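Notes follow the structure.
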Protein chains: 2
Amino acid sequence: MPEIAVQREDTRTLVLDAALKLFTDRGYFATSVHDISRTAGVSVGSIYHHFGDKEGLARALYTTLTARMLQLIDEIERQMDSSHDRARELVTRLFVLTETQPQAMAFMLYARHREFLPDEPPVCSSRPFARIREMVSRGMARGEIRQMDAMVASTCLFGGSIRMITARLDGILPHPLPTYLDEVWTCAWRAVAAS
Amino acid sequence: MPEIAVQREDTRTLVLDAALKLFTDRGYFATSVHDISRTAGVSVGSIYHHFGDKEGLARALYTTLTARMLQLIDEIERQMDSSHDRARELVTRLFVLTETQPQAMAFMLYARHREFLPDEPPVCSSRPFARIREMVSRGMARGEIRQMDAMVASTCLFGGSIRMITARLDGILPHPLPTYLDEVWTCAWRAVAAS
DNA sequence: GTCTATATCATGATAGAC
DNA sequence: GTCTATCATGATATAGAC
């Protein structure tokens, strides 16, 4: 049963993949539904049938990728115990993800969702980011991280890494992100560590 | 030579102010030239006369704000000596600027210029950011900052502050940025300090 | 230099056959 | 569910009077 449908991939994912590629390459507004239709090899009518309108397509993409990110955080919290190890693992995984799936990362934390998803909250207050702040708060309660405003702590702990990711996505970093992992993490942890 | 034109503000600045406001509020693509015309109280024809096309208007905005940022850095470098003092002063000034001129800050480091200014390099490789990296490199040469990749150092030193600024622009920080200055700066400097 | 009116065109979205 | 053909809207940009 698994290998039977090789002839044609599922229409929805075909469209979502094309949309992700075009939205991140050219931007949401510079991409027409006809462009997506051509790239995906799916008719305009089918796209509207599945997603309602262009914004619905963007929303589907957003929720899909957000869910994937939450899943990643869950996995890390199951595997690691201390805030230190969890945070380091998260940065590691994000760096790898940026290299293997740059469009997904770009859409998650670089796209201006406010402009085309007006009802969606800003990324930083989305659920994955809330989960990350909780992780940091527990670290303060456990004495691993210095006492300070929770928002400040999580921003300072991950700010450098996130900027490295956007720099890489912009093409201004010569080497793959994992190359810089040790140096970046040393800085990040020094910023907030209790000791 | 200088016509005392106090009666009516210069058309160019009238248009640039309106464009900045609308671009940052609604986004570049959601803003039509007619919107700008209405908000500025200047006809569409005049706008095209002065800026050529919509993209030319965005470019004028971009270069104006970039120049202002360079001027700020110059001023700081004249006033302060050590990398520590310069970096701290820069963060201080950026925090204040975010409160007093949020649109200008949003346009500088939050807008996706790539989408509407395809020929412009990404913000992080623009001249202000290059100047900041030089500042950090000198700090390493002087022994104030630990030896590491220059890009990593400047990203980790300013990454947290920049994320705080974008968080504030997104409206998810309850207090004005200067409230958080001491905590943020302590983290930032610990991240890269030599001692 | 500034204005109004208009030309041109691409886009989001729909209709309706299969 | 998928497709082609088409509509309606609103955008950028221009023409030409003042």
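Not measured: the values here are computed from a predicted model.
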Summarise how protein sits on nucleotides 7-14 of chain C as a single string, 5' to 3': B when a protein heavy atom is under 4.0 Å from the base, S for sugar-phosphate-only contact, - for no contact.
----SSBB
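- The side chain of A:H50 contributes an N or O atom lying less than 4.0 Å from OP1 or OP2 of D:dT2.
- Residues A:R93 and A:E75 are paired through a salt bridge, judged by an N-O separation under 4.0 Å between the basic side chain and the carboxylate.
- B:I36 places its CD1 atom 11 Å from the P atom of D:dA13, with the value rounded to the nearest Å.
- For A:H49 and D:dT2, the shortest distance from a side-chain N or O to OP1 or OP2 is not below 4.0 Å.
- For A:T11, no side-chain nitrogen or oxygen approaches OP1 or OP2 of D:dG1 to under 4.0 Å.
- Applying the ring pair (Phe, Tyr, Trp, His ring centres under 6.0 Å) test to every pair with at least one member in residues 54-85 of chain B, sequence neighbours left out, gives these pairs: B:Y62-B:H113, B:H84-B:W185, B:H84-B:W189.
- Under the rule for a salt bridge (charged side-chain N to carboxylate O under 4.0 Å, His left out), the partners of A:D25 that lie at least two apart in sequence or sit in another chain are A:K21.
- If you measure from atom CG of B:L22 to atom P of D:dA11, you get 13 Å, rounded to the nearest angstrom.
- We find that CZ of B:F51 is positioned 16 Å from C1' of D:dT12, with the value rounded to whole Å.
- For CZ of A:R142, the number of neighbouring non-hydrogen atoms (other residues, nucleotides, ligands) closer than 6.0 Å is greater than 12.
- In the set C:dT2, D:dC3, D:dG1, the nucleotide with an atom closest to the side chain of B:S46 is C:dT2.
- Of the charged side-chain nitrogens involved, none lies within less than 4.0 Å of a carboxylate oxygen, so that B:R138 and B:E144 do not count as a salt-bridged pair.
- The shortest side-chain heavy-atom distance between B:L72 and B:L94 falls under the 4.5 Å cut-off.
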